[in-house]
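Order of appearance sets the numbers: ligands from 1, and atoms from 1 within every ligand.
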Amino acid sequence: MTRWLSRIAALVVTGWASLGGVAAQDLSALAYLRPEESRVEASGDETWLTLGLTQPVPYRAFLLDQPPRLVMDFREVDFGAAKPEALLSGKGLSGLRWGKFRPGWSRLVAELPGPMRLVSVTQETEGEDGAVIRAHLEGVPAGAFAPRIGAPDSALWDLPQPAPVDTPHPRQDGSEPLLVVLDPGHGGIDPGADAGDGSEADLVLGFARELKEALRRGGLRVILTREEDVFIPLETRVTVARAAGADLFLSLHADIVPEANVAGATVYLLDEEASDEASQKLAERHDRADLLAGVDLEGHDDEVAHVLMDLARTETQPRSRRLAQVLAGAIKAEGLKMHRRPVQGADFSVLKSPDIPSVLLELGFVSSEVDRERLRDPQWRARMVRAIATGISGWAEGDAAEARLLRQ
Ligand SMILES: [Zn+2]
């Protein structure tokens, strides 16, 4: 076994080293996917994934477990309009996604049908300036699955992580402008729900920008967890908010629900016991999308287990609940359509800051044609922005008054 492990490591290094002879100006240009030269082939328990590119790129490849996945990172590749599913042939791989991972870098994640090993990964130049990257995989018994081999532990490749904060953020009391962290869901390799002509990721980013402007005009400080179409893991969204010292965290989504006739805005709270199966599935789908984008949970301690944090959590929960209720009330008062149960709970990872009141707002569900139209209507969005701004300032006032009262 040791022999093929070192072989993989060597192959990955080759992936880097083979670029030594490529002129610098070639690498500064963006590489494009050539869909007609890209394919997935399978025979027995072997799979070949071939990607045609307009030029060679630095890349790395490694495996992750739970579920078994092949992750390939590249210097930015423009995948164009090609849909990753179009490459799947029904065997060899169970799923494929690609997209921007972080500025300047792209990622491809292939879901494997079971435990496999990377037999080889190569990049060959083709023609004048084109390149072909080929990954060869082979099924192995579960005990022989070896994730993370060939994943260099280098800051160059990995997502920047804000420093974890291990003391609770002091509760806001109105003496300083409120710091709101808006979290446009999804992005990059994880586009979220398909909203017809665009993705959930695009829709909620556009909305977050509009909301940010309105909140700033109202004297609040606002930070977005992402400013562009880029992937941010759920855990990092929480860390960003905590590192910034946020007073309030609002995650924005517009998902698909499989149930027919479900429409209207819905505010979600963190609750390990979901309101119903649909809410639980919604939270699970977000965790799964995070995993399939290539997040590795191995070796992660769940949360900072800390007496101070536990105390903060106990205090934060009712504050989040009030935030959800006040927001739902403000949206209703604006005359906007809400779900028949406007406040619901589910185990959303992104709502797990122990010390920041956090809620997730489904602006609507893009599975509903009516909601899709509303989300695209600038007047509707302006009313939703106004409702949220009113809700946030109403909540902040009551919350600050309570903080002052508790301190006495
Ligand atoms: Zn979503």
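For Glu228, the salt bridge (Lys or Arg N to Asp or Glu O under 4.0 Å) test picks out Lys100, with sequence neighbours left out. Residues meeting the salt bridge (Lys or Arg N to Asp or Glu O under 4.0 Å) test with Arg237, sequence neighbours left out: Asp183. Judged as a salt bridge (Lys or Arg N to Asp or Glu O under 4.0 Å), and not counting sequence neighbours, Glu76 has no contacts.
For the residue pair Glu284/Gln280, the side-chain donor-acceptor check at 3.5 Å is satisfied.
Under 2.8 Å from the Zn ion (ligand 1), one finds the following protein N/O/S atoms: His186 NE2, Glu200 OE2, His253 ND1, Asp255 OD1, Asp255 OD2, His286 NE2.
Of the possible polar contacts, none joining the Ser175 side chain to the Asp173 backbone as a donor-acceptor pair under 3.5 Å is found. Under the 3.5 Å distance criterion, the side-chain polar atoms of Glu111 are left unmatched by any main-chain donor or acceptor of Leu292.
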